[in-house]
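Here's the structure we're looking at; comments come further down.
The first residue of the sequence shown is numbered 1, and numbering continues consecutively from there.
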Amino acid sequence: MAPMTRAPLNRRLAGFGTTIFAEMSALATATGSINLGQGFPDADGPEEIREAAVRALREGRGNQYPPGPGVPELRTAIVDHQRRRYGLAYDPDTEVLVTAGATEAIAAALLALVEPGDEVVALEPYYDSYAACVAMAGGTRVPVTLRPDPAGGRFVLDLDELRAAVTDRTRLILLNTPHNPTGTVLTRDELAAVAALAVERDLLVVTDEVYEHLVFDGAEHVPLATFPGMRERTVTISSAGKTFSFTGWKVGWVTAPPALTAAVRTAKQFLTYVASGPFQYAVAEALRLPDSYFDTLRADLEGKRDVLAAGLVAAGFEVYRPRGTYFVTADVAALGEKDGVAFCRALPERCGVVAIPNAVFYDHVDAGRTLIRFAFCKKEAVLREAAERLARL
């Protein structure tokens, strides 16, 4: 048999191997470490929502292919959520699309809206699927770096740098707020500047808002689509996994004007076609939970954030306290370390804890070389145990 001489992986995906999440989770399993790397809760969400999924299964709802745009009950619930929370009005039949999690929504949006050679401006550090999806669409990724501000304890967006990144080849801005991994929540003024730039340069914007309900310290999540001129050019993406602690259900959604929704649906139908049938009915019920659920969720996670952040400070890290998401970024340079990737790979053997190196989320690797990310969406006892182990450092 003649050996194959061509590389099996196309050049667009060259360099995209096994994700850092798979690598570090496997390391956690192999070493019996506490996994504060991958962002999934260690407890299920509301029992009544889990039972709603069981009920849908038993009643035969969603066991066969659901409608391509998503089941009507969920699309209506999404519309009601956007109106109630943000004053945004959408048509459930023409302006909502249910996807296999936010990850598919991002992929479908970029595949649908980006032509080969188009530039996509994204804030770095960025969720790793962004880079892969831009590459698959044939686009060119243009990173704008969020810079750490130790005095303010947050990462900030340089609006001048953002403006300078936009060229005649820019097709869209890919925006994530609340921001993973830094925990930054863009302010109204920052978002207004992004909106003004998008209108001025006639850009599309894809917004990843999956952490919309996970904001702390009085921070406010404001959808970009609420700003003047933005509803007609914004593809808003969110999902149920982070808000309701059912990350394995993979139920996400897109809200956008009809032409953009149709474009994203065109790409999405050739990815998964449909997914998560019975879970769609359960998420429709979840979106109608009372405000007290969302308030309790925020308060619980804010308390867990404080537990982990205090433990990291005690262990000697410089800590950036997030105002959103369920991740804390820490700087290992304060411990005399120079390489976050090497630090994270050694950490399980050193003290039985797994974290994620932020450098893998950067094009400008030096900007994140000593930064690492810990997830605090775990039981408080687990976080306290992790803090005790990290104290060995």
(message) Is it the case that over 12 heavy atoms from other parts of the model lie below 6.0 angstrom from the CD atom of Glu220?
(response) yes

(message) Please check: side-chain N/O of Thr261 versus main-chain N/O of Thr255, any donor-acceptor pairing under 3.5 Å?
(response) no

(request) Give a yes or no on whether a salt bridge exists between Asp80 and Arg288, defined as a side-chain N under 4.0 angstrom from a carboxylate O. (result) yes

(message) Are Thr99 and Val264 packed together at the side-chain level, in the sense that at least one heavy-atom pair is separated by less than 4.5 angstrom?
(response) no

(message) Taking side chain to side chain donor-acceptor pair (under 3.5 Å) as the cut-off, I'd like each qualifying pair that reaches into residues 129-141, sequence neighbours left out, listed once.
(response) Tyr126-Arg141, Tyr130-Asp208, Arg141-Asp363

(request) Could you walk me through whether Asn35 and Ser25 pass the side-chain hydrogen bond (donor to acceptor under 3.5 Å, both in side chains) test, one step at a time? (result) CA-CA 7 Å; Asn35 188 355; Ser25 290; 3.3 Å; yes

(message) Once rounded to the nearest 0.5 Å, what's the spacing between atom SG of Cys351 and atom CZ of Arg392?
(response) 6.5 Å

(message) Please tell me whether Val328 and Leu393 are part of a single hydrophobic cluster in this structure, the criterion being side-chain heavy atoms less than 4.5 Å apart.
(response) yes

(message) Just to verify, which of Asp306, Asp217, Asp149 counts as forming a salt bridge (charged side-chain N to carboxylate O under 4.0 Å, His left out) with Arg321?
(response) Asp306

(request) Give a yes or no on whether a salt bridge exists between Lys304 and Glu380, defined as a side-chain N under 4.0 angstrom from a carboxylate O. (result) no

(request) Considering non-hydrogen atoms only, spot the tightest contact between Ala112 and Ala267 and give its length. (result) CB-CB, 4.0 Å

(request) Hey, could you give me the CD1/CG distance between Ile78 and Leu97, rounded to the nearest 0.5 Å? (result) 9.0 Å

(request) Output yes when a side-chain donor or acceptor of Arg323 lies under 3.5 Å from a complementary backbone atom of Val185, and no otherwise. (result) no

(request) Calculate, to the nearest 0.5 Å, the distance between atoms OG and CD belonging to Ser238 and Glu212 respectively. (result) 3.5 Å

(message) Tell me if the aromatic rings of Tyr273 and Tyr65 count as close, with their centers under 6.0 Å from one another.
(response) yes

(request) Report the relative orientation of the aromatic rings in Trp249 and Phe279; use parallel for angles under 30°, tilted for 30 to 60°, perpendicular for over 60°. (result) parallel

(request) Would you give the length of the straight line joining atom OG1 of Thr76 to atom CG of Leu287, rounded to the nearest 0.5 angstrom? (result) 11.0 Å

(message) Salt bridge or not between Arg384 and Glu388? Use side-chain N to carboxylate O under 4.0 Å.
(response) no

(request) Flag the pair Thr177 / Val222 as yes when at least one side-chain heavy-atom distance between them is below 4.5 Å, and no otherwise. (result) no

(request) Name all residues meeting the salt bridge (Lys or Arg N to Asp or Glu O under 4.0 Å) criterion together with Asp366; count only those two or more places apart in sequence or in a different chain, and write none if there are none. (result) Arg369

(message) Please evaluate residues Phe327 and Phe376 with respect to the criterion ring-ring contact (aromatic ring centres under 6.0 Å, His included), reporting the C-alpha separation (whole Å), side-chain torsions for both, the decisive distance (0.1 Å), and the verdict.
(response) CA-CA 6 Å; Phe327 304 109; Phe376 56 86; 7.5 Å; no

(request) Any chance you could measure Thr329, atom OG1, to Arg154, atom CZ, to the nearest 0.5 Å? (result) 13.0 Å

(message) Under a 4.0 Å threshold between the charged nitrogen and the carboxylate oxygen, would Glu302 count as salt-bridged to Arg298?
(response) no

(request) Establish, for the pair Lys242 and Phe40, whether the NZ or CZ atom is under 6.0 angstrom from the six-membered ring centre and no further than 45 degrees off its axis. (result) no

(request) For residues Met230 and Val199, determine if any side-chain heavy atom of one lies less than 4.5 Å from a side-chain heavy atom of the other. (result) yes

(message) Does atom CD (Glu47) have a neighbourhood of more than 12 heavy atoms from anything else shown, all under 6.0 Å?
(response) yes

(request) Return yes when atom CZ of Arg11 has more than 12 non-hydrogen atoms of other residues, nucleotides or ligands closer than 6.0 Å, and no otherwise. (result) no

(message) Between Thr167 and Arg169 (side chain of the first, backbone of the second, donor and acceptor by atom type, cut-off under 3.5 Å), is there such a pair?
(response) yes

(request) Give a yes/no verdict on a cation-pi contact between Arg55 and Tyr281, requiring under 6.0 Å between NZ or CZ and the six-membered ring centre and an angle within 45° of the axis. (result) no

(message) In the structure I gave you, are the side-chain heavy atoms of Arg75 and Pro69 within less than 4.5 Å of one another anywhere?
(response) yes

(message) For the CG atom of Leu157 and the CG atom of Leu191, what is their distance to the nearest 0.5 Å?
(response) 9.0 Å

(message) For a 4.5 angstrom cut-off between non-hydrogen side-chain atoms, does Leu204 reach Arg171?
(response) yes

(request) Compare all side-chain heavy atoms of Phe246 with those of Pro46 and state whether any distance is below 4.5 angstrom. (result) yes

(request) Mind telling me whether Phe317 and Phe343 have parallel, tilted or perpendicular rings, with 30° and 60° as the class edges? (result) perpendicular

(request) Take the angle between the ring planes of His213 and Phe294 and call it parallel below 30°, perpendicular above 60°, tilted in between. (result) tilted

(request) Indicate the atoms forming the closest heavy-atom contact of Arg231 with Glu95, along with that distance. (result) NH2-OE1, 2.7 Å

